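Below, read A as the first sequence line, B as the second, and so on, with proteins coming before strands; counting in each chain starts at 1. None of the values given here were measured: they were computed from a predicted structure.
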Amino acid sequence: MNSFSIPLPKEFNFEHHLTHLKRSPKELLHTCVEDEVFKLIAINDNKILFKIKCIDKSHLLITILNKKINESTKSELEKYILEWFDLDKDIRPFYTLAAKDKFLKPVIQKFYGYRIVGQPDLFESLVWAVIGQQINLSFAYTMKQRLVEGFGERLEFKEKIYYMFPKPERIASVTHDDLLPLQFSRQKSKYAIGIAEAFVSGQISKDKINDLPWDEALNELIKIKGVGQWTANYALLRTFRYPNAFPLGDAGINNAIKKILNLDRRPTTEEVIKYFKKYKGWEAYATLYLWKMI
DNA sequence: CGCCAGGTTAGAG
DNA sequence: CTCTAACATGGC
C-alpha cells in the first residue's frame with residue numbers, strides 16, 4: 001500500500017492551508033510544490049515521507065514516497081493528518097457565531113474552510129513558541145531553520161533533503177555553546193534545553209497532557225521554565241486543538257482588537273476578554289481568524 | 001536612530 | 001498583587 005485518501009468535511013479549503021504552509025521560504029519541516037505538500041515524519045521510529053494533494057475538494061490523497069507501509073502505520077499517518085488540519089472537528093457552530101459578528105463575518109467569508117493548522121508534535125510547539133517570543137516572525141524562522149539543520153533528523157530522497165524537528169533527546173544533550181551561535185539568546189537557549197529535559201525525564205509528554213482537562217493541562221505546561229500563559233495556550237491550541245485555548249496578550253490578537261474597536265492604543269486585557277466572550281468555547285477559532293484579519 | 005516584535009522570568013515595591 | 005528591567009536582535 002502506498003496511497004490512500006481521507007474524505008473532507010464541506011467546511012474545509014485546502015488552498016487556505018497551502019497559503020499558510022507557504023508563508024516562509026525558510027520552512028524546512030514541509031515542502032510545498034505547487035498544489036502538493038511533502039512532509040517527513042517519524043512513526044514508531046520509522047521515517048515516513050509522504051505527499052498530500054487535494055482531489056475534487058472532497059478528499060485528500062496521501063501518497064507515501066519512500067516505502068511501503070502496513071495497516072497500523074497507515075492508521076497512524078491518517079491520525080496525524082487529521083490532527084494537522086483539524087479535520088475531525090465540526091466547526092459549523094463557530095461559523096454560526098461568527099456570522100453575527102460584523103467584523104469577523106467578512107474574514108470568515110474570505111477564508112471559509114480554513115482550520116487550525118495543528119502541530120502534532122508538542123515539543124516542536126513549545127520550542128517554536130519560545131523561539132518566537134518577543135521577536136519578529138522572520139527572525140524566528142531563521143532561528144528555527146538553524147536549529148532544524150543543526151540537530152534535526154533528515155532523509156534524502158531523489159536528490160532532496162527532507163527534515164524533521166529535532167527530538168527532545170537531541171536538544172537535551174546540547175549546551176549553550178551549541179545554541180548561542182544560532183543566535184539564540186542565553187535565555188532562549190536555557191528554555192529550549194529545559195523543555196527538552198522535561199520531555200526526556202518524563203515530566204511532560206503529549207500523552208500525559210492529552211488526558212487532562214484544559215485547566216490542568218495549562219498548569220502542567222506552565223511549570224516548565226520559559227512556558228508562560230501565552231506559550232501554554234499556544235501549544236494547547238496548536239497541538240491539542242482545544243477549541244477554547246487562546247493566547248491572551250498576543251500581539252496579533254491585540255492588533256486585531258485595536259482595529260475592531262477603532263482604538264489608538266493597545267486594547268486592555270479586559271477589552272480583549274470582553275470581545276472574546278461571544279466566542280466562548282470557540283476562542284481558538286476566533287483567534288485563528290483574527291490573525292487572518294491582519 | 002528608535003521602536004516594536006506571535007513573552008517570560010526574577011526581583012522590587 | 002502589580003510593575004519593571006533584562007533578555008538579543010531583526011525589520012521597518
Side-chain angles (χ1 to χ4, degrees), chain A residues 17 19-27 29 107 111 114-119 121-147 165 175-198 203-204 218-242 244-260 263-273 275-276 283-294:
Chain A
H17 288 261
T19 306
H20 179 84
L21 294 173
K22 286 178 183 172
R23 72 179 174 163
S24 173
K26 297 173 199 159
E27 179 59 75
L29 300 179
V107 189
F111 297 104
Y114 180 58
R115 289 163 179 259
I116 290 173
V117 180
Q119 217 160 58
D121 178 352
L122 177 61
F123 178 60
E124 179 185 336
S125 256
L126 293 173
V127 173
W128 170 237
V130 162
I131 288 176
Q133 284 171 1
Q134 192 59 16
I135 60 172
N136 61 71
L137 267 185
S138 170
F139 183 42
Y141 270 111
T142 302
M143 288 171 72
K144 183 172 92 163
Q145 180 183 23
R146 291 172 181 160
L147 189 72
F165 196 77
T175 64
H176 290 317
D177 292 337
D178 296 309
L179 297 186
L180 297 183
L182 314 189
Q183 283 183 292
F184 274 61
S185 64
R186 194 157 280 278
Q187 193 179 40
K188 278 186 186 179
S189 165
K190 201 158 55 177
Y191 291 166
I193 295 169
I195 291 169
E197 285 168 346
Q203 183 199 333
I204 188 173
L218 193 70
N219 282 334
E220 279 306 309
L221 291 171
I222 287 175
K223 284 181 188 164
I224 306 170
K225 287 268 177 288
V227 179
Q229 291 281 340
W230 183 90
T231 305
N233 271 293
Y234 177 86
L236 290 175
L237 191 162
R238 296 292 302 279
T239 297
F240 299 102
R241 299 169 294 122
Y242 281 84
N244 59 325
F246 78 107
L248 193 57
D250 176 80
I253 291 179
N254 282 343
N255 286 335
I257 305 281
K258 178 181 170 189
K259 203 169 153 188
I260 287 173
L263 304 170
D264 55 2
R265 51 166 174 83
R266 211 172 43 196
T268 62
T269 309
E270 288 69 33
E271 284 169 328
V272 176
I273 290 172
Y275 178 80
F276 269 87
E283 288 90 341
Y285 267 84
T287 299
L288 196 67
Y289 283 91
L290 285 174
W291 280 340
K292 272 288 182 194
M293 201 174 121
I294 46 173

Task: Presence of Gln183(A) side-chain N/O under 4.0 Å of dG10(C) phosphate oxygens OP1/OP2 - done: yes

Task: Which residue lies more 5' along DNA chain B, comparing Asp250(A) with Ile224(A) via nearest heavy atoms - done: Asp250(A)

Open item on the list: I want to confirm an ordering. Mapping Phe184(A) and Ser138(A) to their closest nucleotides on DNA chain C, which one lands closer to the 5' end?
Closed with: Phe184(A)

Task: Lys26(A) to Tyr141(A) six-membered ring, cation-pi geometry met (6.0 Å, 45°) - done: no

- [ ] Quickly work out the Phe246(A) CZ to dG6(B) P distance and round it to whole Å.
- [x] 18 Å

TODO: Output yes when at least one side-chain N/O atom of Thr231(A) is less than 4.0 Å from OP1 or OP2 of dT8(B), else no.
DONE: yes

Task: Residue pair Phe276(A), Phe246(A): steps toward the ring pair (Phe, Tyr, Trp, His ring centres under 6.0 Å) verdict - done: CA-CA 10 Å; Phe276(A) 269 87; Phe246(A) 78 107; 4.2 Å; yes

TODO: May I ask you to establish whether Lys292(A) and Tyr114(A) are in a cation-pi arrangement, using a distance under 6.0 Å from NZ or CZ to the six-membered ring centre and at most 45° from the ring axis?
DONE: yes

- [ ] Please measure how far the P atom in dG11(B) lies from the corresponding atom in dA8(C), and state the result in whole Å.
- [x] 16 Å

Task: Per Ala251(A) side chain, nearest of listed nucleotides dG6(B), dT9(B), dG11(C) - done: dG6(B)

Open item on the list: Could you tell me how far apart Arg266(A) (CZ) and dC3(B) (P) are, to the nearest whole angstrom?
Closed with: 15 Å

TODO: Given side chain to side chain contact (heavy atoms under 4.5 Å, CB included), test Ile135(A) with Met143(A) step by step and report yes or no.
DONE: CA-CA 11 Å; Ile135(A) 60 172; Met143(A) 288 171 72; 3.7 Å; yes

TODO: Could you tell me the separation between the CD1 atom of Ile135(A) and the P atom of dC4(B), rounded to a whole number of Å?
DONE: 17 Å

Open item on the list: Can you measure Tyr141(A) atom OH to dG10(C) atom C1' for me and round it to whole angstrom units?
Closed with: 16 Å

Task: Spacing of the P atoms in dG6(B) and dC3(C) (rounded, Å) - done: 24 Å

TODO: When you get a sec, tell me which of dG6(B), dA8(C), dT9(C) is the closest nucleotide to the side chain of Arg186(A)?
DONE: dA8(C)

TODO: Report which part of the nucleic acid Gly252(A) touches: base, sugar-phosphate, or nothing (heavy-atom distance under 4.0 Å, all strands).
DONE: nothing

Open item on the list: Can you tell me how the ring of Tyr234(A) sits relative to the ring of Trp230(A), calling it parallel under 30°, perpendicular over 60° and tilted otherwise?
Closed with: parallel

- [ ] Could you check how far CG of Leu180(A) sits from P of dA8(C), rounded to whole Å?
- [x] 8 Å

TODO: Select base, sugar-phosphate, or nothing to describe what Val130(A) touches, counting heavy atoms under 4.0 Å on all strands.
DONE: nothing

TODO: Give the rounded distance in Å between these two atoms: CH2 of Trp230(A) and P of dG7(B).
DONE: 5 Å

Task: Contact summary for Arg186(A) and Leu180(A), nearest pair of heavy atoms - done: NH2-CD1, 3.2 Å

Open item on the list: Which nucleotide wins on minimum distance to the side chain of Lys225(A), given the candidates dG7(B), dT9(B), dG11(C)?
Closed with: dT9(B)

Task: Whole-Å C1' distance, dG10(C) and dC1(B) - done: 15 Å

Task: Distance in angstrom units between Lys188(A) NZ and dG6(B) C1', rounded - done: 10 Å

- [ ] Check whether the side chain of Asn136(A) and the base of dG10(C) form a donor-acceptor pair under 3.5 Å.
- [x] yes

Open item on the list: Without decimals, in angstroms, what is the distance between Leu221(A) CG and dT8(B) C1'?
Closed with: 15 Å

